[in-house]
Each structure stands twice: as C-alpha cells, then as structure tokens.
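Working notes for the structure below.
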Amino acid sequence: MDFAVVDMSRLQFALTAMYHFLFVPLTLGLSFMLVIMESIYVMTDKAVWRDATRFWGKLFGINFVVGVATGITMEFQFGTNWAYFSHAVGDVFGAPLAIEGLMAFFLEATFVGLMFFGWDKLSKLGHLGVTFMVAIGTNFSALWILIANGWMQNPVGSRFNPETMRMEITSIADVLLNPVAQAKFVHTVSAGYVTGAVFVLAISAWYLLKGRHVAVARRSFTVAASFGLAAALSVVVLGDESGYALTDNQRMKLASLEAMWDTQPAPASLTLFGIPDVEARETHFEVSVPWVLGIIATHSFDKPVRGINDMVATAAERIRSGIFAYDAVERLKIDRNDMAARERFELHKADYGYALLLKRFIPDPRLATGEDIYKAAMSTVPNVPAMFWFFRIMAGLGFFFIGFFALAFWRASRHNFETGPFMKAAVLILPLPFIAIQTGWLLAEIGRQPWVVEGSLPTFLAASSLTIGQIWTTIIGFTLLYGTLAVIMVRLMLSTIAHGPERSAPQRGDLPELVPVGGRSAGGIIPLPAE
C-alpha cells in the first residue's frame with residue numbers, strides 16, 4: 001500500500017474543500033439576510049429596502065454560482081480518489097448526497113432564477129416567497145451534506161455486511177437524526193450566518209467611511225449588526241452542544257483538542273493556554289479554568305472526561321477484539337455457511353474496524369504482535385498540537401464576534417453611524433470569519449483521523465489506486481481552475497461593490513432621509529442629499 005498516494009489524496013480533497021468553504025458560508029449568511037431586508041421592504045413599501053435587497057442579492061448570486069461549481073467537483077472526487085470508500089459505504093453515504101441533489105439543489109436552481117428575474121413580474125409577497133425558498137434551499141444543501149459528514153463521524157443506522165463487504169442502512173431515521181449531524185448542522189449554519197453578517201457589516205462600513213450610498217449602508221449595517229449578534233451568540237451556544245456530542249461519540253477528538261493526556265476527575269478543567277508535548281505526553285505551561293470543561297462536555301458536575309492515554313489503552317483492547325472479527329470475515333469469504341465464523345463475527349463486529357488499523361503495519365492483522373497492536377492503538381491519536389491551536393483560534397474568534405456585534409448593535413440602535421476607528425475595524429475584520437470556519441473544518445476533519453468512517457473504515461484503506469503523478473495533475477488542475485474562478489468572483493464582487501446599489505424610483509411610504517447635523521451631539525437634522 002502506497003501511503004504517499006493516500007496522503008496526496010487527502011491533500012487534494014482538503015484543498016478543494018477549503019476552496020469550497022470560502023464560498024458556501026457567505027451564501028448561507030446572505031440568504032436569510034436577503035429575506036429580512038425584503039420582508040422589511042414588503043412591510044414598509046420603502047424603495048431603499050428594495051435597493052438594499054437587490055444589491056446584496058447580486059453579491060449573493062456571484063458567490064452562489066462559484067459555490068455550486070466547487071461543490072460539484074468535491075462530489076466527483078469520491079469516485080475518482082476514494083473508490084474503496086465509495087464502494088464500501090456508498091449505500092449509506094450516497095443517500096443524503098442524492099437527496100441533497102434532488103431536493104436542495106433543484107430547489108435552489110428553480111427559485112434563484114425567479115429571484116433575480118422576477119422583481120417586475122411577481123407580486124411583492126410572491127417575490128418574497130421566492131427569496132425565502134432560495135434561503136431554505138441553501139440551508140437544506142448544508143443539512144444534507146452535514147448529515148452525510150455526520151454519519152462519517154458517527155455511523156449510526158447502519159451495519160457492516162460481511163458477505164458484501166459493504167455498509168448497509170438499517171434505519172434511515174437514525175441516519176437523518178444523527179445527533180452529531182444535527183449538532184454540526186446548527187453550529188455550521190450559524191457560523192455561515194456570522195460570515196454573511198460580517199460581510200454586510202464590512203461593506204456597509206466602507207460605504208459610510210466613503211460617504212457613499214449612505215441610506216442603504218445605514219440600514220444594511222443595522223440588519224447585519226442585529227442578525228450577526230444573534231448568530232454569534234448561537235455559534236457559541238451550539239458549540240457547547242457540539243462539545244457534548246463529542247463526549248458520547250468522539251472522545252478522542254475532545255481529549256485531543258484539550259491536549260488532555262490523562263483522565264480528569266469530575267468536574268474537568270478547561271485549558272485556556274498551554275504547549276502540548278507529544279513526545280512527553282504532557283502540556284507545558286498549562287493555564288486552566290476549573291469545572292468549565294466538565295460542564296460543557298458532560299453537562300454535569302460528577303462525570304469525568306477521559307484522557308488520551310486511557311483511550312489508547314481502550315483502542316488496544318478493541319484491536320484485539322477486532323482481530324477475531326477479522327478472522328471471522330476471512331473465513332466467511334471462503335465459506336458463507338460457516339456458522340461458527342458468523343457467530344464469532346456477530347460477537348466482535350463492533351471492533352472490526354479497529355483490526356483494520358493493523359493493515360498499516362502488517363498485511364494480515366491475525367499475525368499482529370503486541371508491538372503492532374500498540375502502534376495501531378497510538379495511530380488513533382490525531383495531531384494534538386494542531387487540534388489544540390485550531391480550537392483556540394476558532395473559539396477565540398467566536399467570542400470576539402459576540403463582542404464586536406454587540407458594540408455594532410449598540411451603535412446602530414442609537415443611530416450612531418459616525419466614521420471613526422470602529423468603522424475602520426469593521427472593514428478590517430472581513431477575513432476573520434473565513435479563518436474561523438477554515439480552522440473549524442480542519443478541527444473536525446483532523447480530529448477524526450485515522451478514520452474516514454469513525455471506528456469502521458481507516459482513511460488509508462479508502463483511497464483509490466492512483467499514481468502520485470495523476471494526483472499532482474489533478475491538484476494543479478483544480479488549483480488553476482479554482483484560482484481562476486476566485487479571481488473572476490473577486491473582480492465581479494469588487495466591481496459590484498464599487499458601482500453600489502441602484503436607486504429605485506421613490507415609492508409610497510418613502511420619507512426624506514434625515515441625518516444628524518454634525519453628528520449625534522448636534523441639535524438639528526438636515527435631509528440627506530441625493531447620492
């Protein structure tokens with residue numbers, strides 16, 4: 001087995017996923033903000049809200065198109081670079097992806113066109129309904145994709161069939177209601193909402209700094225501040241739920257992101273800072289907050305949180321048990337009617353995937369020595385330093401967004417849109433949500449290594465039989481393609497932002513735009529001049 005090919009395939013998928021996740025969160029965030037702005041337009045009949053909706057809708061459309069293109073490429077890779085994965089789990093993994101294509105993608109494709117070209121052909125309520133369906137479709141796409149990803153991290157509702165050597169669905173309800181998938185969905189979608197809110201806030205602040213399109217910018221700033229504050233709070237709250245889900249299903253990931261080498265008695269402490277030392281299996285210069293991790297991870301004060309060393313020992317036990325299941329499967333390949341082998345498999349089938357970890361070190365797991373079992377057990381520990389720091393970057397940015405949006409909401413509620421350091425900061429923080437999302441994705445995917453399907457299929461067994469040259473060719477090709485798309489998208493967005501929103505004819509209910517004379521401290525008001 002050429003592990004270099006496996007590592008290159010992982011690199012290719014990681015790169016394409018990172019490209020994709022530069023576009024999808026913004027699409028999620030803008031979708032419901034369009035619904036909010038258009039709802040205000042329908043209720044107030046003010047043309048400025050129509051202008052705002054159409055302007056942000058253009059930016060949504062540009063981002064949406066590129067997001068679709070990058071997502072399709074990712075799905076093709078399951079067949080090209082991960083052939084055994086597709087063969088072994090396609091019956092389960094393919095179901096939510098197919099539903100995503102049939103329900104969400106066609107839903108979006110149908111209503112996106114109506115949203116862009118139906119402004120003058122549909123009633124106000126009809127067009128608002130179309131915009132709402134676009135937002136629903138966008139979020140449904142995320143739901144089904146995260147159901148598929150959540151199953152990889154917690155493969156419920158399925159079983160391994162030793163006769164076909166494939167995973168099969170036993171309960172579609174368990175697959176759809178997977179607690180890991182649900183926690184990932186609400187957390188990920190909320191992060192997308194934060195991204196959209198930061199984007200709108202930054203562009204609106206830039207307009208206010210330049211004194212351009214002030215009417216649209218002030219209203220967009222207010223919506224972004226309100227929506228962003230709610231989204232940022234939900235990210236942190238739902239992140240707590242994700243931590244609780246890890247306690248039940250991915251304890252090694254939880255221990256690794258905390259660099260917790262030994263089991264902590266209840267209630268466990270949360271590490272704020274430290275320097276993980278993989279060789280010594282300890283964390284130097286550790287600064288901890290008592291009780292916090294125990295409350296987040298167990299929702300109790302009397303349950304311990306297991307450490308890495310303890311779970312490595314458990315993995316070794318499961319590997320020994322899995323060897324019996326592996327032997328039974330090999331016997332069933334020879335004689336499907338071997339009832340003794342079938343009974344042995346049923347007894348040890350939960351640990352079959354752990355025996356497959358030995359294939360990284362020895363061709364036949366039944367011949368494994370104690371040293372081989374120890375190496376395989378240690379391979380269940382992901383990259384602890386990367387996990388530790390990615391989590392702290394993501395969490396730190398999450399709390400930063402709460403504070404920043406709270407200040408933005410306070411300023412907007414007081415109609416304080418004066419230019420100054422805060423508005424400049426609002427423009428400069430535009431890259432931060434994308435950094436937070438990328439670190440969160442890396443945290444999730446590095447944390448489940450060495451598994452492509454947790455506890456069932458190791459990553460190194462899932463790859464296609466390709467050459468390094470073939471993979472480099474596709475990596476270079478994807479990079480050039482996505483780089484070109486990114487340049488086109490950025491240029492289109494910058495051009496749209498530079499042009500600004502188009503002004504509609506005033507409608508019933510419109511009033512002259514009023515701004516404070518000389519700022520909030522002045523006594524009078526004057527009409528806002530036409531832009």
Side-chain angles (χ1 to χ4, degrees), residues 1-25 27 63 65-90 92-94 96-97 100-101 105 141-142 144-146 148-153 184 188 253 356-357 359-360 379 382-383 386-387 390 434-435 437-454 456-490:
M1 182 177 299
D2 191 344
F3 292 108
V5 171
V6 177
D7 291 338
M8 289 297 295
S9 292
R10 289 172 60 190
L11 174 63
Q12 178 184 351
F13 193 81
L15 289 173
T16 53
M18 290 176 73
Y19 294 143
H20 185 58
F21 291 148
L22 286 174
F23 311 117
V24 172
T27 303
N63 191 80
V65 170
V66 179
V68 169
T70 56
I72 291 173
T73 305
M74 287 181 62
E75 293 191 5
F76 272 110
Q77 287 185 69
F78 292 125
T80 57
N81 287 54
W82 302 96
Y84 186 74
F85 170 80
S86 299
H87 166 79
V89 306
V92 183
F93 185 78
L97 290 185
E100 189 265 340
F105 189 74
S141 289
W144 294 113
I145 290 170
L146 290 169
N149 184 271
W151 179 83
M152 293 168 65
Q153 311 215 25
K184 286 174 69 67
T188 302
K253 180 187 289 187
L356 297 178
L357 292 172
K359 283 186 168 288
R360 192 177 186 99
S379 73
N383 188 325
M387 295 283 292
F390 284 153
F434 296 97
I435 294 173
I437 285 175
Q438 293 291 349
T439 54
W441 176 78
L442 289 170
L443 181 71
E445 300 310 305
I446 292 175
R448 66 178 168 86
Q449 297 305 316
W451 305 106
V452 67
V453 178
E454 182 76 25
S456 300
L457 180 63
T459 303
F460 66 86
L461 290 179
S464 303
S465 298
L466 300 172
T467 66
I468 295 293
Q470 289 173 324
I471 300 175
W472 267 120
T473 299
T474 53
I475 287 178
I476 293 171
F478 284 140
T479 301
L480 291 175
L481 173 62
Y482 286 176
T484 302
L485 288 175
V487 170
I488 293 172
M489 186 199 76
V490 170

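- Residues in residues 10-21 take part in these salt bridge (charged side-chain N to carboxylate O under 4.0 Å, His left out) pairs, two or more places apart or across chains: Asp7-Arg10.
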Verdict with reasoning, Phe85 to Thr459, per side-chain contact (heavy atoms from CB on, under 4.5 Å) | CA-CA 9 Å; Phe85 170 80; Thr459 303; over 6 Å; no
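- Between atom CD of residue Gln153 and atom CG of residue Leu146 there is a gap of 9.5 Å, rounded to the nearest 0.5 Å.
- Going from atom CE of Met152 over to atom OG of Ser456 covers 11.5 Å, rounded to the nearest 0.5 Å.
- When all heavy atoms of Gly150 and Lys184 are compared, the closest pair comes out as CA-CD, 4.3 Å.
- Put simply, the side chain of Ser9 reaches to within 4.5 Å of the side chain of Ile471, judged on heavy atoms.
- Trp82 and Phe13 have perpendicular rings, their planes meeting at more than 60° on a 0 to 90° scale where under 30° would count as parallel.
- The OG atom of Ser464 sits 10.0 Å away from the CD atom of Gln77 when rounded to the nearest 0.5 Å.
- Side chains of Phe78 and Leu97 form a contact here, defined as non-hydrogen atoms less than 4.5 Å apart.
- Separation of atoms CD (Gln438) and CG (Leu442) is listed at 6.5 Å; rounding is to 0.5 Å.
- With rounding to the nearest 0.5 angstrom, the CG atom of Leu466 is 8.5 Å from the CD atom of Gln12.
- Atom CH2 in Trp441 sits 9.5 Å away from atom CG in Asn149 (nearest 0.5 Å).
- Under the salt bridge (Lys or Arg N to Asp or Glu O under 4.0 Å) criterion, Glu445 pairs with Arg448, sequence neighbours left out.
- Taking all atoms of both residues into account, the shortest heavy-atom contact from Glu100 to Ser141 is OE2-OG, 3.3 Å.
- Between Ser86 and Gly79 the shortest heavy-atom distance is OG-N, 3.9 Å.
- Under the side chain to side chain contact (heavy atoms under 4.5 Å, CB included) criterion, Pro458 pairs with Leu356, Leu357, Trp451, Phe460, Leu461, not counting sequence neighbours.
- The side-chain heavy atoms of Val66 and Tyr482, taken from C-beta on, include no pair separated by under 4.5 Å.
- Two residues are said to be in side-chain contact when any heavy atoms from C-beta on lie closer than 4.5 Å; Ile475 and Met8 meet this criterion.
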